[in-house]
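To start, the structure under review is shown below, and the notes come after it.
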Amino acid sequence: MKDAAPVALPPAPARLSEGIAEVLAAHEGQEGALLPILHDLQAEFGYVPPESYDAIAEALRLSRAEVAGVVGFYHDFRAAPAARHVIKLCRAEACQAMNGAATQARLEHALGMKLGETKGNVALEAVYCLGLCACAPAAMVGDRLVGRLDDTAIAAIAEEVRA
Amino acid sequence: MKVFVPIDAAARACGADLVAAAVVSAAGLRGVEVELIRTGTRGMVWLEPLVEVETEAGRMAFGPMTPADVPALFDAPESHPKALGLTEEIPFLKRQTRLTFARCGVIDPLDLAAYEATGGMAGLRKASVTKPEEVVDQIAASGLRGRGGAGFPTGIKWRTVLHAKAPQKYIVCNADEGDSGSFADRMLMEGDPFTLIEGMAIAGIATGATKGFVYIRSEYPDAIRVMREAVVIATRAGMIGASVLGSAHAFDLEIRVGAGAYVCGEETSLLNSLEGKRGVVRAKPPLPALHGFMGRPTVVNNVLSLAAVPWIMAHGAQAYHDIGVGRSRGTIPLQIAGNVKFGGLFETGFGITLGEIVMEIGGGTASGRPVKAVQVGGPLGAYHPVSDFGLAFCYEEFAGQGGLIGHAGLVVHDEAADMLGLARFAMEFCAVESCGKCTPCRIGAVRGVETLDRLRAGDTAALPLIEDLCETMKLGSLCALGGFTPYPVLSAIRNFPEEFMPQQEAAE
């Protein structure tokens, strides 16, 4: 087994404020800029740093609470960096119709964790529809889509995140 | 040698990228010059990855392909075990009336020249020299109705925006396709993005809107990438921008990305989200047509409604209206999914029966066990039993049966389906995704999960409670999330009553 990957350190304060300022500048004058800003921050840092709320609020003439309220509303925005490997398993109806519950159990077994858990480098999350409903059950590993999720595919995912 | 391999997300999820790489390497080994074209998908998802090879007779299909199947494409295509014959002759494709999806799977999605060569841009060209009022008349006369599910006449919506006075109007495309069983929006955006752009530009000309947004859910990274590139290409080519096709009309387009909230598929919460707010529902009236994005007149249309527009403009309202039944005119891109043998997208005129869709076109279940229930219209649609197979697929007939066609996604379940479990899931999903604005949805969905759990545990007193709760949610919710969650729940109870009577099970 390889050595565990070093834990990602939070960005240095200077880097943080610089990054936030860059993102804000890129969206100056845009109508309804908050979601695009939050997406860019998350792309930059891996999460939306709470340290950014004040600067966003000032730039968009909102209160800090309004910014926090928007961040909190949407499932996508994270307050802390995600695990290195994020596996999203679809739980919606079309995947359920293709033995979704059994697939979930097998994936949980292969990864040694339950849906909704994060263990070490790996997070297993639920997602509601990836639009792969005609090749269900489906999952997303990082940004790679996997359809027809059978035992071979599950084993490959477990192998990939263990590597 | 010209070889086509889809780049659609479903095809990629089934290994299309590996197959494409195998094509390149097999060609290299043999010293064969290959032009590899990545297309959208033809929509026959059970055959993905579907590889096509151009021949004098037409494009020949092979699928579902694995990298190991690729060498034989070069060495012995005639006797290839995955050979399917001419693509256009595959019955699933041949039976369709492909208007909106005519180019999907055929061309490189970002090749604007190929788009024009296959009939693209004709509608916009016509619209750019037509009076706005007349463009609206065409759309109204075609009978086109909102393909997102509500079925509101598109022409009437456009006319409202056309006559509204404001310094700025907007076209907003709802591409927040969150319904399980639905993937038509994704398929179109990935496979033929210029059709959507063209439809939006026509909507802009028709209503006087000079700015458009496509709001795409974040779960569709491929569609986001393709649409962003397509907007750049279309702007550079003068298809949109300061002067649409050299006319006096301006139309700018921006791609926006959702953030994992199902409720943002509802038009008013989508508008709030687009404005940078929490995606909570707004009370209607005022209608978005008058008070939409930033309080200004806004057309909010589904991807499929807007993508139908170029064909209507190019071929005339009557040609579109000639297809369909009753008040459901034109074609509907059905999405056949779940436990089904031949899953995929099937565009056809309204009026085909549910039984034809599931059994003839879909081929019955993938598991080979009998069909038990078909959920039509996404997570808010009803569960239809086999006895509903005679229903004609159109807005009115499904509404009359306590259901809805929604975004025309169908999820087939075989006899292993646990109807109480599915009813519980509907409530659970509503609880997770509720925006929290209105009480029947926010609290009702949570109580719904608890009450169904009581029922599962054998408490029969819970049955009238769940029915009563559904009634409250239906009548008291602000939007379709809380208002329609009762559809799957009540239809499951009505059509499969034995599964909601746990006391019998206990007595056995």
Side-chain angles (χ1 to χ4, degrees), chain A residues 27 30-40 42-43 48 56 60 62 66-78 88 90-102 125-141 143-149 153, chain B residues 9-10 12-14 45-46 48 177-183 185-187 211 218-223 256-262 273-280 293-294 335-340 343-345 366-367 375 378-379 409 411-414 416-417 421-422 425 429 432-433 435:
Chain A
H27 292 279
Q30 187 180 27
E31 287 177 299
L34 185 47
L35 260 69
I37 288 172
L38 297 176
H39 275 301
D40 281 4
Q42 185 146 301
V48 179
I56 298 172
L60 300 183
L62 298 169
E66 282 169 313
V67 176
V70 170
V71 175
F73 181 86
Y74 296 96
H75 298 306
D76 280 2
F77 298 128
R78 289 184 298 266
K88 294 183 180 181
C90 179
R91 282 199 66 222
E93 289 89 340
C95 289
Q96 290 187 41
M98 285 300 279
N99 250 333
E125 299 176 357
V127 67
Y128 296 92
C129 199
L130 296 163
L132 304 177
C133 319
C135 50
M140 200 169 176
V141 183
D143 51 15
R144 187 170 59 87
L145 295 164
V146 187
R148 299 178 192 145
L149 198 58
Chain B
R12 294 182 63 212
C14 296
V45 181
W46 81 97
E48 292 293 359
E177 181 180 51
D179 288 357
S180 174
S182 296
F183 46 84
D185 296 353
R186 179 185 64 64
M187 215 178 110
K211 171 92 200 196
S218 61
E219 291 87 343
Y220 284 176
D222 289 26
R256 289 288 179 96
V257 181
Y262 174 76
S273 182
L274 208 54
E275 289 180 7
K277 298 175 183 151
R278 292 163 69 91
V280 292
F293 181 65
M294 299 293 174
Q335 300 128 77
I336 309 169
N339 195 331
V340 68
L345 182 129
S367 62
Q375 188 178 28
V411 175
V412 180
H413 291 264
D414 73 5
L422 288 167
F425 178 80
F429 182 70
V432 171
E433 297 297 336
C435 81

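As the structure is a computational prediction, the values presented were derived from the model and not from experiment. No hydrogens, no waters, no symmetry mates; every other heavy atom, side chains included, goes into these values.
Heavy-atom pairs under 4.5 Å with chain A were tallied for B:Gly181, B:Gly343, B:Gly178, B:Gly378; the largest tally goes to B:Gly181. Between chain B and the options A:Cys90, A:Cys133, A:Ala92, heavy-atom pairs under 4.5 Å are most frequent for A:Cys133. For the options A:Leu149, A:Val70, A:Ile37, heavy-atom pairs under 4.5 Å to chain B are most numerous at A:Val70. Counting heavy-atom pairs closer than 4.5 Å to chain A, the top-ranked of the candidates B:Phe425, B:Trp46, B:Phe429 is B:Phe425. Of the residues considered (B:Pro221, B:Ser273, B:Ser218), B:Ser273 shows the highest number of contacts with chain A, using heavy-atom pairs under 4.5 Å. Residue with the most contacts toward chain A among B:Ala417, B:Gly344, B:Ser182, B:Gly258: B:Gly258 (heavy-atom pairs, distance under 4.5 Å). Note on B:Gln335, B:Arg256, B:Met187, B:Lys211: by heavy-atom pairs under 4.5 Å with chain A, the leading option is B:Arg256. Counting heavy-atom pairs closer than 4.5 Å to chain B, the top residue among A:Leu60, A:Leu130, A:Asn99 is A:Leu130. Of the listed residues (A:Leu145, A:Asp143, A:Leu38), the one with the most heavy-atom contacts under 4.5 Å to chain B is A:Leu145. In terms of heavy-atom pairs under 4.5 angstrom with chain B, the leader among A:Cys135, A:Ala136, A:Gly72 is A:Cys135. Of all the listed residues (B:Ala416, B:Gly338, B:Gly409), the one sharing the greatest number of non-hydrogen pairs under 4.5 Å with chain A is B:Gly338.
Within the 4.5 angstrom heavy-atom criterion, only side-chain atoms of B:Val411, from C-beta onward, approach chain A. With a 4.5 Å cut-off on non-hydrogen atoms, B:Val432 touches chain A through its backbone and its side chain both. Looking at B:Phe293, only its side chain comes within 4.5 Å of chain A, counting heavy atoms on both sides. The contact between B:Ala9 and chain A is made by backbone and side chain atoms together, counting heavy-atom distances below 4.5 Å. Proximity to chain B is absent for every atom of A:Arg144, based on heavy atoms less than 4.5 angstrom apart. Proximity to chain B is limited to the side chain of A:Val127, based on heavy atoms less than 4.5 angstrom apart. Heavy atoms of B:Pro379 lying under 4.5 Å from chain A belong to its backbone as well as its side chain. In this structure, no portion of B:Leu345 lies under 4.5 Å from any heavy atom of chain A. In this structure, chain A has no heavy atom under 4.5 Å from any part of B:Ser367.
The closest side-chain heavy-atom distance from A:Phe73 to B:Cys435 is below 4.5 Å.
Side-chain atoms of A:Gln96 come within 3.5 Å of backbone atoms of A:Arg91 as a donor-acceptor pair (strictly under, hydrogens ignored). No side-chain donor-acceptor contact under 3.5 Å links A:Glu93 to the backbone of B:Ser180. The backbone N or O of A:Asp76 sits less than 3.5 Å from a side-chain atom of A:Gln42, completing a donor-acceptor pair. The main-chain N or O of B:Cys14 is never found under 3.5 Å from a side-chain atom of A:Arg148 such that the two would form a donor-acceptor pair. Side-chain atoms of B:Asn339 never come within 3.5 Å of backbone atoms of B:Val412 as a donor-acceptor pair (strictly under, hydrogens ignored). No donor-acceptor pair under 3.5 Å is formed between the side chain of B:Glu275 and the backbone N or O of A:Gly32. Side chain of A:Tyr74 to main chain of B:Gly279: a donor-acceptor pair is present (N/O by atom type, distance under 3.5 Å, no hydrogens or angles). In this structure a side-chain-to-backbone donor-acceptor pair under 3.5 Å is present from B:Glu177 to B:Asp185.
Side-chain contact check for B:Glu433 and A:His75: at least one donor-acceptor pair (N or O, by modelled atom type) lies under 3.5 Å.
Under the 6.0 Å cut-off for aromatic ring centres, B:Tyr262 and A:Tyr128 do not qualify, their centroids lying 6.0 Å or more apart.
Residue A:Leu35 holds its CG atom at 11.0 Å from CG of A:Asp40, rounded to the nearest 0.5 Å.
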